[in-house]
There are 2 protein chains.
Amino acid sequence: MTTVLIVDDQPMQRFGFRMLLESQDDMELLGEASNGMEAVRMVDRLRPDVVLMDIRMPGLDGIEATRRIVASGDRTRVLILTTFDLDDYAYAGLRAGASGFLVKDALPEELLSGIRAVASGDAVVAPSLTRRLLDAYVDHLPTGSDHSRAEDTRLATLTEREREILTAIGQGSTNTEIAEHFHLAESTVKTHVGRILAKTGSRDRVQAVIFAYDTRLVKPSP
Amino acid sequence: MTTVLIVDDQPMQRFGFRMLLESQDDMELLGEASNGMEAVRMVDRLRPDVVLMDIRMPGLDGIEATRRIVASGDRTRVLILTTFDLDDYAYAGLRAGASGFLVKDALPEELLSGIRAVASGDAVVAPSLTRRLLDAYVDHLPTGSDHSRAEDTRLATLTEREREILTAIGQGSTNTEIAEHFHLAESTVKTHVGRILAKTGSRDRVQAVIFAYDTRLVKPSP
DNA sequence: GCCACCGTAGTACCGGGGTACCACCCCCCT
DNA sequence: AGGGGGGTGGTACCCCGGTACTACGGTGGC
C-alpha cells in the first residue's frame, strides 16, 4: 500500500488527483494540503510514502517545501508536478531533493506509474525534461568504470557573465557595487541576478551565496 | 505514424517487439536487424523514426551502432533496451547519443509511451536508472551540521543564541523561517540579527553568510 | 540592592532586493 | 532573413531586511 499526500492550491487539481488515487486499491490518500507550510506540517504528522507537490503556491512554494521535507530526513519522497515543463523549476526542484518531476498533462497511467516508481525508491523525470537534461549534461556523464566526480549541473547552465556576477555575490557585493565594478546599469545586474537565482534554484541572493560556496565557485578565505 | 526498426540478436525478443508494435496502428515496423552493422546499414536505407536497440550483440554492439547512427546526422532516434539496468551500459549508451534507455522488463505500455516520447524528440530513462543519475548529479542539501571549532574572535563574542541564528542564516533561512523554527517573534529575530551583524562586522546577512562559511561555522556540502 | 548582560518583544521607517514585464542590440547558425 | 540565445537596459511594484529606538523579565556578579 502506497500512502500519498496531495499538495496543490487549486481545489480542482486536488479533486482530480483524489479521484485518480481512489480508483487504485494499492494507494491510500492520507490528506491534502493547499500550501507549502501546511504540507511540511502534514508530512511531519502523517509520514506519507509520496508527496505530490505543486510548485506554484501562495506562501511557501513547492520548491522550498520539498527542501524542508527532504531535509527532515524521513522516508517521504517528493514527486513534483507542474503545469509546464519549465526548466528552471525542474532544476530547482531536483536540487531541493525531489525524487521526480512530472508535468500535469501526463496521462493518468503515467502519473500512477510515476508514483509507484518513486515510492519504490526510483526516480522519474518527464520525458520533455529528460531530453533537456541529457542534452545539457551528457558530456559530463561518467565513462562507466571511471567514476569521475560530478561537476555541478546548475553551475554549468550559467553563462560566463552570470558566473562572474555570482562570484561577486558570493563575495558579498550589493547590486550597486556589482554594477559599478562591471560598468553596468543596476537594472542589468538585477536581470542577471534574477536569472542566476532561477537557474541555481535559489530563493534569494543569500541562497545563491550558499550555492556558490557549495559548488566551490567561491572558496572560504582562510 | 511512427516508423520503427528493431535491432536484437535474439529472434524471440524481436518477435515480442514485433507483436507489440503491430498491435498499435500509429506504429509501423520498417524492419529488423540482428547486429550492429546491419542496423547501421538499415537505418541509412530506411530512415526510421526510432530504433529499438539492444546492447549485447555479436559483432558491432549496440553502443557503437548507436554512435554511428547518431553521428550520421539524420533524424533517427535511438532507444536503447537492455535486460538489466547496468549503469555502465546506460552511461555509455547515453554518451553515444541515445535518446533513451529502458529495461526490457518494462510494461508494454511503458515501452510504447517511451517510443512515442522519443519519436517526438523527448527522451526517456528507466526509473531505476534515473534515480542513480539524479543521485550522481544533484547534490542534496546538507541536513545536519556539526559544530565548528573555529577560533575567530568575532565568532567568540557571539552568544549561544546568536550562533544558532547565524547558523540558520548560513543555511539560507529567512527571518520568518528562523522565527518559526525557534518559536520566536520575527522582531526578536531581527534584534538578534542586528547584533550579529554588528559583532561580526557584516553589512548585511549576505556578508554574515560569508562570515559563517569562512569561520567554518557552516561548512560547504561536499 | 544594584548593575551588566542576555533573551525576548514591540513600533516606525526606508532602502535595497527581487519580480514581472518589455525592449533593443549583437552574434551565430540555419 | 529569420531565429535563438546572450547581454544590456528600462519601468513599476512589493516586500523583506535592516536600523533605531524602547522596554521588560531573568540571571549572575560584586
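Lettering follows sequence order; numbering is per chain, from 1. Only heavy atoms go into these numbers, but all of them, side chains included; no hydrogens, no water, no symmetry mates.
Side-chain contact between A/E110 and B/S113: present, with at least one pair of heavy atoms (C-beta onward) separated by less than 4.5 Å.
The side chain of B/S187 contributes an N or O atom lying less than 4.0 Å from OP1 or OP2 of C/dG10.
Straight-line distance from the CG atom of B/L184 to the C1' atom of C/dA9: 10 Å, rounded to whole Å. Protein atom CZ of B/F182 is 12 Å distant from nucleotide atom P of C/dG7, rounded to whole Å. Atoms CD (B/E164) and P (C/dG7) sit 9 Å apart, rounded to a whole Å.
B/S202 meets the side chain to side chain donor-acceptor pair (under 3.5 Å) test with B/T200; sequence neighbours excluded. Under the side chain to side chain contact (heavy atoms under 4.5 Å, CB included) criterion, B/A33 pairs with B/V7, B/E38, B/A39, B/M42, sequence neighbours left out.
In the helix from C/dG1-D/dC30 to C/dT30-D/dA1, the rotation axis of the first five pairs and that of the last five pairs differ in direction by 40°, rounded to 10 degrees.
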Letter per nucleotide, 5' to 3', of nucleotides 12-30 of chain C [B base touched, S only sugar-phosphate touched, - untouched; heavy atoms, 4.0 Å]: -----BBS-----------
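Between the side chains of B/D49 and B/T2, no donor-acceptor pair of N or O atoms lies under 3.5 Å.
Contact record, B/F101 with B/L79: N-CD1, 3.7 Å, taken as the closest heavy-atom pair. For A/I178 against A/I169, the heavy-atom pair with the smallest separation is CD1-CG1, 3.9 Å.
Taking 4.0 Å as the cut-off between side-chain N and carboxylate O, B/R116 and B/D26 count as a salt-bridged pair.
Formation of a donor-acceptor pair under 3.5 Å by the B/R205 side chain with backbone atoms of B/L166 is not found in this model. A donor-acceptor pair under 3.5 Å is formed between the side chain of A/Q207 and the backbone N or O of A/R203.
Extent of DNA chain D lying under 4.0 Å from chain B heavy atoms, first and last nucleotide in 5' to 3' order, is D/dG17 to D/dT19.
For residues 182-191 of chain B, there are no side-chain hydrogen bond (donor to acceptor under 3.5 Å, both in side chains) pairs, not counting sequence neighbours.
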